[in-house]
Structures are given as C-alpha cells and as structure tokens.
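Along the sequence shown, residues are numbered consecutively beginning with 1.
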Amino acid sequence: MEGLRLTAKIIPITVSGTTSPTTAPAKTVSWSFNNSSLKHTLTSLITRHDTLKQTNRKNLTHTVKSGAVEDTILIDKIEESDEGKDENWVLRVLQVWKTHDDNNRIQYLNDCGENNDHDRILIDHECDTCRVDDDDDDDDEFDKNSFAKLLWKVSLGEARLYAKMAYLGSLSYTIPKIKLGNLLKRHKLVFVTSSLKKKVFKENTLEKIDQQDLKNVDGAYDSNSLSSSPCEWYICDDDNDNESNTRYFVIQGSESIASWQANLLFEPVQFEAMDAIVHRGIYEAAKVVYEEMLPYIHDHLQRNGNGATIRLTGHSLGGSLSLLVNLMLLIRGQVQVSSLLPVITFGAPWVMCGGDRLLRNLGLPRNHLQGITIHRDIVPRAFSCNYPTRVAHLLKVVNGNFRNHPCLNNQNLLYAPMGEFLILQPDAKLSPNHDLLPQGSGLYILRSQASDPNMAKKQTRAAQSIFLNTPHPLEILTDRCAYGSEGAILRDHDVDTYLISIRKVISQELNRTRRMRRQKRRRVVVADGGAEWNSCEVGGGWWESVVEVGGCNPKYTFGDDGFGSFC
C-alpha cells in the first residue's frame, strides 16, 4: 500500500500578497506520508525525542516492502464497539487505501462517514472567523507597511508577565528537576504539587487494591480518577509575603505517545453543550486534566476566599488544554469570573470554532485568552491554515462531523484563532525575520483599530489569515533542512525559544529607555538671555555646567564619547 500523498500548489507570495511578473512560477509539491517521512516528522516535532523513540518502538510497528508501506499500527487500549462507532477514525483513513480499490473507495468512505455521526455537532451560528460576508469577495491585501499598522507593541509590564509564564512553561518539561529555592527567589513562587506526585500516589494505591475489586471502589478511586493526563503539569502559589493570592497551573506540551494521540484525533465535536465546536482529542484530554486539578482549585479558593485567583498557562498542547480547562471551570460553575485570570499560551494550536463568540456569551473579554505565536512556528498554523480542497473533501467523507463544520465548509480551515493574537519575532540571529514584520526582535498584538467595529473585526481576521498562511505549513514541511534537533520546526516551536525571545524584547526595551534617559540628562537647554543649570552624566561621573548665550537659544549636547558641542 502506498502512503497517503497530498499534492498542493505553492504560489510564491510577495509582501503585498499578490504574484508579480518577476516572481518565480508556482510549483507543484507532492507531499507523501509514508513510513519514513511520517516517523521522521513526528519525531522532529517532539522536543525530547529520545524518550519518544523508546516509547514509540513499543506502540508503533511499520513494515516496509519494496518502497511501499504496509501500515500495522498497534495502539494500546483502543476499544472498538460492535458497530465500530467509537473506532478511531484516523486509523480508518489509513485503512481505506489498503482494503479497497479505486472503483469503490468513495462509496466505502461515505459508508464510514454515516457510521460516525454519533457525536454530530449542532451549532446555531458560524464563528466570527469562518463566517462569509457579502463583501468578502474583495480580499484584503497586506504589504509590510499596511500589516505594520495593525501591530501594537506590548508594554514592558506585559512583556515581563509573559516572560514569567514562559519560564514556568519551560520548567514543565523538567518537573523533577525544579529547584524550589530558585522558584521562590526569582519569582516569589512556592511549589505545591505536580501530576508526577499524583501518579506515584495512584501506583501505590493500585498495589493495595485488588484489580478485580476496582469496579466496587467509590469516590476518588473511580475509573476517571485512575486514568492519567496525557500531559504532565505542576502547581505553584504566590509566596505568602506577596499581596497576590494567585495559584498557577502550568501544563506541559506534547511529550508522550498519549499526547500525540490526542493531537491526531482532531474530529470536531460540540464543546460543553455550548454553541461552539472543539477538537475532540484535546477536549477529551482536557476532561482528564480538569478532574485532576479540580481539588487543588477548590482548596485554593476555600483557603483564600474572594481574593483568590487562578491562572492557567502552557506551551503547545498544554496551552490548548489550559484554555479548555479554564472555560470548563466557568461553564460548570466551579469558579467565578472574577477568580479566573487570563490564559496565556505559547505556541498553542487553536482548537475551537466559535471561540470568540463563546467568550462573549460567557461575559469574558477578548483578552481572556492571550495566545503568543513565534513568527514561523508551525504548530499554531497546523489547524488554522487554509487546507487544500482535496484534503477538506477527504475529511468530510471520512467523518460526518466535518460535513457540518463551518470553518471547514467556508474557509477550508479546521479551527479558528480566538482571543488576543500576539506575534513574537526572535532576534534575526536566532530565526530569520518574517516578511510582514518590522526588522528585529518584537512582541506585538495583532489588532485593527478601525472606528467601525465590523471593519476592525474583518481587518483583524484577514491579517490573521495572511499571517498563518505565510509561510504555509506545507511550505515549511517541504524544506528538508527544517527537520532534526537543529531544524527550524523544533527551533521555532521550542518553549526555550519563546523564553529567550521575550527576554530579548525586554532587554531591548530597557536599553531603549536607558538611552532616552541618558540623552535627556546630557542635553542642556539654554534659555534666551539667561542660563539654566542641568546635571549631566558623563562616563559615570556627575558634574554641572552653566552656559550663558544670548539671542540664538543654542543647545549644548554631550555625545556618546563624552565630548560636548553646540548644535
């Protein structure tokens, strides 16, 4: 059986979004998913790939014969019902091309889709991003200058908050090595617990309970509590000396086979019986994380009263889980709006359709979600880029829920951006600058300030679409140099890249502020016919000078070399 092959045309895009006569012609790229390429891609996307390789050998078996691939995928703990309704539909996609010839594939796919309508999505409205307006035929075009008008630099205080959350996110990948002293000294935070401690407790509990009696155990030891989150997490509190009473819940990104299974099961389902659609695999993982964290949320709120606040944050898949758990706490009535601080994510894929409308319906501001994306990170683009039409049609015939999916039907994307959209550009030495962004490091909010709210929303939506498709994920994946531990895919998605880049933005802003202060101190403004005293800093020493000149009001300025001159 041959691997799944996608063919797409990649049209070179100028900064204005249109092709020019001098632009290289469009080229057709054939993207094959076979044994070697798929394994190489997934391995390179995972930060700690050594652990994955060891686990992968136990769960995935691939047999290669004469360049063709016979996919034998052995995934533990997949239970199939008699009718096959609960079967993982992703596996069914791989089985289609193996078991049927060209003449009956389409009919088989349609039959599969009809059997998978058990979670049919029912929503009343399209989301803000996927809605098609009457005037959408005239696409907004952006060049570097017009795109820059929608970019707003974050404040120094906001950048420092983001750096703190990125630091906590980086620690989530090395929870056993967290140095409690450094956490307290640098950020005034006290470590509380982690999912690893809960797993140790569960293992000890299982040793004491006979496996045959598990069904009879009540309370904390039911089947849900004995299941584990696909991603690790930890909790820390503000120090008692700190006036704030915030508890931080930090969730790790994709590190295990279980977390990648959650990523791959991207079928759309309804979210919490609300008027919104969500990524099924990540939603199911969020339910497990929710149950694990809920006791610690109740404990914090009860001990600290009305002044207690909760903040969830995470990198990659952990960021998406943070958002869903945050919303579930509010929808299920476990936490008041006043106790939930905005969710801050790094390199997280968007996993909802109708997300902005859901925030409004819940009484939450748009910035309740603050999603930070490095300029070329492929992961936030994965579900929110424009999918080739052939891929969209394949998804619809394989699974019935995709046929009713507004984002896919109207815009050929799976899940739409929501909340506040932030773009982080690293230093050019770390990653090449983006064609649409100003030169150098920067952290920007992408938002239109048009006076007409509808026009502002449309412009913001168009700018987000341009950015998420420049470069397109297929273009990134076709670059052979993008893979491996030194490749662009890992580099631009690594949580440490986010941390380093935000700290660079802070350092850059502090240096700019210092230069402005020095220039202000060095300048002596001379009044007409009189003199003005001004203290100036030169070479670290302080001295005072008086200049008295009549008539021309000159300024006496000290240069960077410490020498003064009239100007």
Side-chain angles (χ1 to χ4, degrees), residues 15 142-170 186-188 342 344 346-347 367 370-377 420-449 463 467 491-492 494-526 532 534-545 554-567:
V15 291
F142 292 92
D143 57 15
K144 193 167 187 175
N145 292 330
S146 60
F147 194 84
K149 295 179 181 178
L150 278 66
L151 297 175
W152 303 85
K153 286 187 176 182
V154 303
S155 67
L156 184 58
E158 291 172 324
R160 282 172 168 159
L161 173 62
Y162 297 145
K164 178 179 179 179
M165 295 300 102
Y167 173 71
L168 296 182
S170 68
R186 296 178 182 177
H187 295 284
K188 304 296 182 184
I344 299 174
F346 302 92
N367 66 358
Q370 300 172 23
I372 301 176
T373 298
I374 279 185
H375 63 344
R376 298 180 185 276
D377 191 346
E420 207 73 270
F421 192 113
L422 290 93
I423 301 175
L424 174 63
Q425 176 155 269
D427 186 86
K429 295 179 181 179
L430 183 59
S431 181
N433 289 162
H434 195 283
D435 292 339
L436 291 172
L437 300 178
Q439 295 297 313
S441 301
L443 179 54
Y444 311 94
I445 299 174
L446 182 61
R447 182 200 302 149
S448 172
Q449 296 291 341
F467 177 77
R491 178 198 65 205
D492 293 335
D494 196 323
V495 65
D496 290 332
T497 304
Y498 279 86
L499 177 58
I500 293 170
S501 301
I502 296 175
R503 286 178 172 174
K504 177 66 176 179
V505 171
I506 294 174
S507 175
Q508 187 174 272
E509 181 63 20
L510 289 175
N511 290 335
R512 187 187 68 85
T513 303
R514 293 190 188 103
R515 286 196 301 269
M516 292 179 62
R517 289 176 179 173
R518 284 197 298 266
Q519 290 174 1
K520 187 176 181 180
R521 292 192 186 107
R522 290 168 179 168
R523 187 170 293 112
V524 178
V525 180
V526 182
E532 181 176 336
N534 192 6
S535 59
C536 307
E537 181 183 7
V538 179
W542 292 86
W543 64 285
E544 294 178 326
S545 64
K555 294 181 179 179
Y556 193 78
T557 305
F558 292 95
D560 292 335
D561 56 358
F563 293 93
S565 62
F566 284 98
C567 58

Any donor-acceptor N/O pair, R503 side chain to R160 backbone, under 3.5 Å: no
Taking every non-hydrogen atom, the tightest pair across S501 and L424: CB-CD2, 3.7 Å
M165 side, atom CE; H187 side, atom NE2 - distance, nearest 0.5 Å: 8.5 Å
Plane angle bin for F147 and F467 - parallel if under 30°, tilted between 30 and 60°, otherwise perpendicular: parallel
Non-hydrogen side-chain atoms of S431 and T497 separated by less than 4.5 Å: no
Minimum heavy-atom distance between F142 and L436, given as atom pair plus value: O-CD2, 4.2 Å
Side-chain donor or acceptor of E158 paired with backbone N/O of S155 under 3.5 Å: yes
Closest contact, heavy atoms only, Q370 versus N367: NE2-O, 3.1 Å
CZ-CG distance between R491 and D377, expressed to the nearest 0.5 angstrom: 10.5 Å
Residue pair P426 / I374, side-chain heavy-atom distance below 4.5 Å: yes
Evaluation steps, side-chain contact (heavy atoms from CB on, under 4.5 Å), between L510 and L156: CA-CA 8 Å; L510 289 175; L156 184 58; 3.7 Å; yes
Polar side chain donor-acceptor pair, Q425 to Y444, under 3.5 angstrom: no
Short side-chain to backbone donor-acceptor contact, R376 and P432, under 3.5 Å: yes
L151 side chain near I445 side chain, heavy-atom distance below 4.5 Å: no
I506/L443 under side-chain contact (heavy atoms from CB on, under 4.5 Å): CA gap, chis, key distance, verdict: CA-CA 9 Å; I506 294 174; L443 179 54; over 6 Å; no
Shortest non-hydrogen contact from W152 toward R447: NE1-O, 2.9 Å
Side chain to side chain contact (heavy atoms under 4.5 Å, CB included), paired with L422, selected from L446, V154, T373: V154
Spatial distance of atom CG (L150) from atom CD1 (I423) [nearest 0.5 Å]: 9.5 Å
Non-hydrogen atoms of I502 and A159 that approach each other most closely: CG2-O, 3.5 Å
K153 bridged to E509 by N-O distance under 4.0 Å: no
Under 3.5 Å: donor-acceptor pair, side chain of Q508, backbone of S441: yes
NZ-NZ distance between K144 and K149, expressed to the nearest 0.5 angstrom: 15.0 Å
Shortest non-hydrogen contact between G440 and N433, atoms and distance: N-OD1, 3.4 Å
Side chains of I500 and D427 in contact at under 4.5 Å (non-hydrogen atoms): no
